[in-house]
Amino acid sequence: MTTPPDPPSAPRPAPAPQATSPQVAAGRAATEQARTECAREKEKTGRLKAVLDTIPLLATLTTVSVALFSSLQSQQQYRDTQASARFQSAVELLAGDDLTTRVGGVALLGQVAQTNSERRENAVRLLATFLRVHSPATDAGRAAAVTREPAAEEVRAVFSAMAYRGDVKEVDLGRISARGLQLADADLRGLILARSDLSGGSFGRGDLRGVSLQGATLRGVDFGQADLRGAVLTGADLRDADLRGARLAGADLRGTTGLTSAQLAGATTDGTTRLPAGITVPAAGAQAAPTRPATP
């Protein structure tokens with residue numbers, strides 16, 4: 001007996017068609033783009049949060065800056081007010097009747113010149129005017145015998161205050177009497193001392209470069225080792241002045257009276273030094289003229 005054949009099996013469904021390569025690429029691109037957009041949104045959100053987080057800090061810094069600026073401005077205003085008050089007080093003291101009051105005014109103006117650059121020039125020029133009024137040079141004073149008496153107290157106070165003149169130039173101290181003024185090692189650049197009486201004073205080792213001493217009375221003055229380069233001494237009275245070691249390059253001594261060749265022994269001169277007629281520089285090694293009290 002034969003076995004009947006198996007019934008035919010049902011047909012299997014055909015497999016789904018596979019996605020084509022362009023479709024896969026498009027899907028991947030869409031996914032990548034979505035991820036990129038998401039990342040961008042997160043970045044924007046992060047930046048915005050960072051900005052928002054800095055606002056309180058910026059507000060605090062702004063507040064601190066405004067407070068600091070206001071404080072500095074208030075301090076400057078306070079200093080200006082103080083300087084103005086000192087200046088006014090000094091002016092009032094300068095008009096005082098007694099010497100102590102006037103010297104106090106001079107010292108106060110010196111403080112203004114030292115601490116307040118905006119009022120420095122006014123203070124310095126007021127001091128110069130004060131000295132020209134209160135200590136003028138006179139013919140009788142120029143003719144008086146030279147002594148070693150110290151300069152008047154007001155004169156000493158003004159020149160002490162002048163140390164704070166800074167870069168103020170062309171300070172007119174001409175025609176003053178400052179006999180016996182002792183200013184060794186001082187810096188006198190920028191001062192005009194034309195026609196002043198400085199007899200018996202000492203400016204040894206001082207810096208007098210370019211200083212105008214035109215027509216000044218300089219009898220018995222000690223200029224030992226002073227720097228007088230470019231100084232103008234035309235018409236000055238140099239009787240018995242000590243010029244040993246003085247640097248006179250570029251100095252103009254034409255028309256001076258009382259100057260001798262022996263006084264220039266030991267001084268440093270060059271081709272730009274202008275001397276009076278008949279005056280020559282002694283040869284190196286020549287002995288300098290000894291100093292002696294000037295005669296009236």
Side-chain angles (χ1 to χ4, degrees), residues 83-183 186-203 206 208 210-221 231-237:
S84 179
R86 285 199 301 269
F87 190 92
Q88 185 60 39
S89 298
V91 172
E92 295 172 359
L93 291 173
L94 288 180
D97 295 329
D98 62 282
L99 175 63
T100 302
T101 299
R102 294 194 298 272
V103 170
V106 170
L108 196 54
L109 275 181
Q111 291 179 11
V112 173
Q114 181 184 14
T115 60
N116 191 279
S117 58
E118 294 181 357
R119 290 178 172 81
R120 178 174 297 145
E121 183 168 358
N122 289 338
V124 168
R125 299 201 186 283
L126 180 57
L127 285 170
T129 300
F130 170 81
L131 198 55
R132 293 199 305 271
V133 171
H134 284 267
S135 185
T138 64
D139 291 339
R142 295 179 194 278
V146 175
T147 66
R148 296 304 170 188
E149 291 293 325
E153 190 169 350
E154 288 170 312
V155 174
R156 299 200 306 270
V158 168
F159 275 91
S160 293
M162 284 292 170
Y164 304 117
R165 66 187 181 280
D167 58 356
V168 180
K169 305 297 183 185
E170 303 292 324
V171 181
D172 188 3
L173 287 166
R175 301 183 180 87
I176 66 167
S177 176
R179 294 169 65 89
L181 183 62
Q182 305 296 305
L183 283 180
D187 184 353
L188 301 180
R189 290 175 297 171
L191 301 185
I192 299 173
L193 294 163
R195 292 176 289 281
S196 290
D197 184 2
L198 305 176
S199 299
S202 176
F203 305 97
L208 290 90
V211 170
S212 174
L213 292 161
Q214 184 177 11
T217 303
L218 306 172
R219 295 164 56 203
V221 170
V232 180
L233 295 96
T234 53
D237 185 349

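Just so you know, these numbers come straight off a predicted model, no measurement behind them.
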Next on the checklist: Can you tell me how far apart CZ (R156) and CG (L181) are? Round to the nearest 0.5 Å.
Outcome noted: 9.0 Å
Item to check | Residue pairs fulfilling side-chain hydrogen bond (donor to acceptor under 3.5 Å, both in side chains) with at least one residue in residues 119-130, sequence neighbours excluded | outcome: E121-R125, T129-R132
Checklist entry - Side chains of V232 and L213: does their closest heavy-atom pair fall under 4.5 Å? => result no
Checklist entry - Closest heavy-atom contact between A178 and F159? => result CB-CE1, 4.4 Å
Checklist entry - For T101, what residues pass the side-chain hydrogen bond (donor to acceptor under 3.5 Å, both in side chains) criterion, not counting sequence neighbours? => result D98
Checklist entry - Got a second to check how far L198's CG is from D237's CG, nearest 0.5 Å? => result 11.5 Å
Item to check | R102 side-chain N/O to G96 backbone N/O, donor-acceptor pair under 3.5 Å | outcome: yes
Checklist entry - What's the spacing between L188 CG and S212 OG if we round to 0.5 Å? => result 12.5 Å
Checklist outcome for this item: CG of D172 to CD1 of I192, rounded to nearest 0.5 Å, is 5.0 Å
Checklist entry - Pairs in or reaching into residues 192-203: which pass salt bridge (charged side-chain N to carboxylate O under 4.0 Å, His left out), with residues at least two apart or in two chains? => result R179-D197
Checklist outcome for this item: Here the pair of heavy atoms bringing G110 nearest to A161 is CA-CB, 3.8 Å
Next on the checklist: Which residues pass the side-chain hydrogen bond (donor to acceptor under 3.5 Å, both in side chains) test with T217, not counting sequence neighbours?
Outcome noted: R142
Checklist entry - Are the side chain of S202 and the backbone N or O of V221 linked by a donor-acceptor pair below 3.5 Å? => result no
Next on the checklist: Please check this pair: side chain of S135 against backbone of S177, looking for a donor-acceptor N/O pair closer than 3.5 Å.
Outcome noted: yes
N/O donor-acceptor pairs under 3.5 Å from side chains in residues 84-95, not counting sequence neighbours:
| residue | atom | partner | partner atom | Å |
| --- | --- | --- | --- | --- |
| R86 | NH2 | T115 | OG1 | 3.2 |
| S89 | OG | A85 | O | 2.9 |

Next on the checklist: Is there a side-chain contact between L173 and I176 in this structure, where contact means two heavy atoms from C-beta onward sitting under 4.5 Å apart?
Outcome noted: yes
Next on the checklist: Set out, in order, the CA-CA distance, both residues' side-chain angles and the distance that settles side-chain contact (heavy atoms from CB on, under 4.5 Å) for L233 and L218, then state yes or no.
Outcome noted: CA-CA 10 Å; L233 295 96; L218 306 172; 3.9 Å; yes
Item to check | Residues that Q214 engages under side-chain hydrogen bond (donor to acceptor under 3.5 Å, both in side chains), provided they are two or more places apart | outcome: none
Checklist entry - Tell me the ring-ring contact (aromatic ring centres under 6.0 Å, His included) pairs involving residues 92-146, sequence neighbours left out? => result F130-H134
Next on the checklist: Does V124 form a side-chain contact (heavy atoms from CB on, under 4.5 Å) with M162? I'd like the steps, not just the answer.
Outcome noted: CA-CA 7 Å; V124 168; M162 284 292 170; 3.7 Å; yes
Checklist entry - ring-ring contact (aromatic ring centres under 6.0 Å, His included): which pairs involve residues 106-125, sequence neighbours left out? => result none
Checklist entry - Are L99 and E153 close enough, and set up right, to give a side-chain contact (heavy atoms from CB on, under 4.5 Å), and what steps lead you there? => result CA-CA 8 Å; L99 175 63; E153 190 169 350; 3.6 Å; yes
